[in-house]
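Report on the structure given below.
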There are 2 protein chains.
Amino acid sequence: MTTSPVDVPTTDSPARARILDVAASLFLEQGYEAASLRRIADEVGIQAASIYHHFTSKEDLLEAILRRGMAVMDEAFTAAEATTTGAGESQADRRSRLAAHVRAHLAALYENGPFTAAHVTTFRTAPAVVRDAIVPVRDAYEARWTDLLNDLTAADVPTGPARLMLLGGMNASVEWFDPTRGSLDDLAEVVTRQFWSGLTGHPDPTP
Amino acid sequence: MTTSPVDVPTTDSPARARILDVAASLFLEQGYEAASLRRIADEVGIQAASIYHHFTSKEDLLEAILRRGMAVMDEAFTAAEATTTGAGESQADRRSRLAAHVRAHLAALYENGPFTAAHVTTFRTAPAVVRDAIVPVRDAYEARWTDLLNDLTAADVPTGPARLMLLGGMNASVEWFDPTRGSLDDLAEVVTRQFWSGLTGHPDPTP
DNA sequence: GTCTATACCACGATAGAC
DNA sequence: GTCTATCGTGGTATAGAC
């Protein structure tokens, strides 16, 4: 069951959208500080000064990218929820619910532009103003995962550390996973298998 | 069984050592590009120009830090091997071998200065010259993990993706784990439990 | 919405005295 | 081993024409 890429609604002008795209790519590749506005503008095919027609500052540009990355993740999570509503309560049913959400998070990382991946790699060292503005949005997304994991496991299993390891492990895959060479479905399956038994304490039902 | 912090032998002068310490902290906290030599020098209590008596360039300084970070990891892995030589072949014995190495890697991240953590967070976006110089050292460390995991699991279990998830998951903990608030032993136990059953397909023997 | 021109500053790095 | 002084470059950002 392969979910399709999500569509995040946007009212961006074509010019603004193009800047966001290029900037996210470069922030992901080189980091926020190393990627200069001149270089971004160059790759877009405009002058650096023109960026200020669309964004008030470089920090403002970064914030827009981080927000968009979170929007993609959130949209993917919602889509995964939709495909698993009314799922049963058997261990196999629970496992496929987890699998669907894992697949959705990874798809957000690799199938909807560089926004989500750029978010993951640049957030920690982003300027404090930007980080503070984004923290609430991140917290809301993490809370959805907390609810999901609590729902999937017995009431007495502490899901806090497991959630952090799961999200951290998936996000860390941006360091080595190449979506043009590896299969996203395979990666999702590996992640799910790796975490399912550790989470529930039961052997994995899948061969 | 708590392993003690490792000692990486060094011939550094006190002045050089102090610069390395401060620079690693700032690279970790703000990223390589964002941390300026002036700021580093300021925190050390010297002038920026004085750094060039000890390092030929900012890139040279980064490379020394990344190398030191790898040395700490490697030393920790070796120490873990030493404590588990002659271990048995039972599932419980294998599990504690994994646990010892997990504990060692996490200790390297949190108990021996900011070098290992700085390595983990700055490597991906480091200047190409620096990255290329460090890649062989990283590969050697990852190969040690590959050998270990192959040794711990059945011959037909593919350990490649599991190794990447395990190391990625542990390294990603620098984003949320605070060693002054949480227990390193607890974290190591969580990581081990989370991965052991997923790796072997057998239920975790620990309550 | 993009341009040219430019201000202003902080950066990495070098020279040479002590 | 550290200092002062300084160079050249490239960074973000602004002003104002088109």
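Chain letters run A, B, ... following the sequence lines, proteins first and then strands; every chain starts at 1.
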Per atom distances to the B/S50 side chain, the nearest of D/dT12, C/dG1, D/dT2 is D/dT2
Picking from D/dT2, D/dA13, C/dC3, the nucleotide nearest the side-chain atoms of B/A15 would be D/dT2
Report the residue (B/I19 or B/R38) whose heavy-atom-nearest nucleotide on DNA chain D is the more 5′ of the two. B/I19
Ion pair check, A/E189 and A/R95, cut-off under 4.0 Å: yes
Strictly below 4.0 Å: does B/S36 bring a side-chain N or O up to OP1 or OP2 of C/dC11? yes
Determine whether A/E63 and A/V129 satisfy the following criterion, side-chain contact (heavy atoms from CB on, under 4.5 Å), listing intermediate values before the conclusion. CA-CA 9 Å; A/E63 186 181 322; A/V129 211; over 6 Å; no
Report the distance from atom CD1 of B/I51 to atom C1' of C/dT14, rounded to the nearest whole Å. 14 Å
Rounded to the Å, how far apart are A/L61 CG and D/dG11 C1'? 15 Å
Whole angstrom is fine here: how far is it from CG in B/L37 over to P in C/dC9? 21 Å
Check every atom of C/dA13, D/dA13, D/dC3 against the side chain of B/Y52 and return the nucleotide holding the closest atom. C/dA13
Any chance the side chains of A/R103 and A/T192 put a donor and an acceptor closer than 3.5 Å? no
Separation of D/dT9 P from B/E33 CD (nearest whole Å): 19 Å
Nearest-angstrom distance from the residue atom CD1 of B/I40 to P of C/dA13: 11 Å
Choose from C/dT4, C/dC11, D/dT2 the nucleotide whose nearest atom is closest to any side-chain atom of A/Q47. C/dT4
Which nucleotide wins on minimum distance to the side chain of B/H53, given the candidates C/dA5, C/dT14, D/dG1? D/dG1
Ring geometry between A/H119 and A/F123 (parallel below 30°, tilted from 30 to 60°, perpendicular above 60°): parallel
Nearest-neighbour nucleotide for the A/H54 side chain, D/dT12, C/dT2, C/dG12 considered: C/dT2
Measure CD1/B/I46 against P/D/dT2 and give the value in whole Å, please. 6 Å
Quick one: B/F55 CZ to D/dT2 P, roughly how many Å, whole number? 11 Å
Just how far, in rounded Å, is P of D/dG11 from OH of A/Y32? 13 Å
Between D/dT14, D/dA5, D/dT2, which nucleotide gets closest to the side-chain atoms of B/A49? D/dA5
Evaluate the ring planes of B/W145 and B/H105, with Trp represented by its six-membered ring, and classify them as parallel (under 30°), tilted (30 to 60°) or perpendicular (over 60°). perpendicular
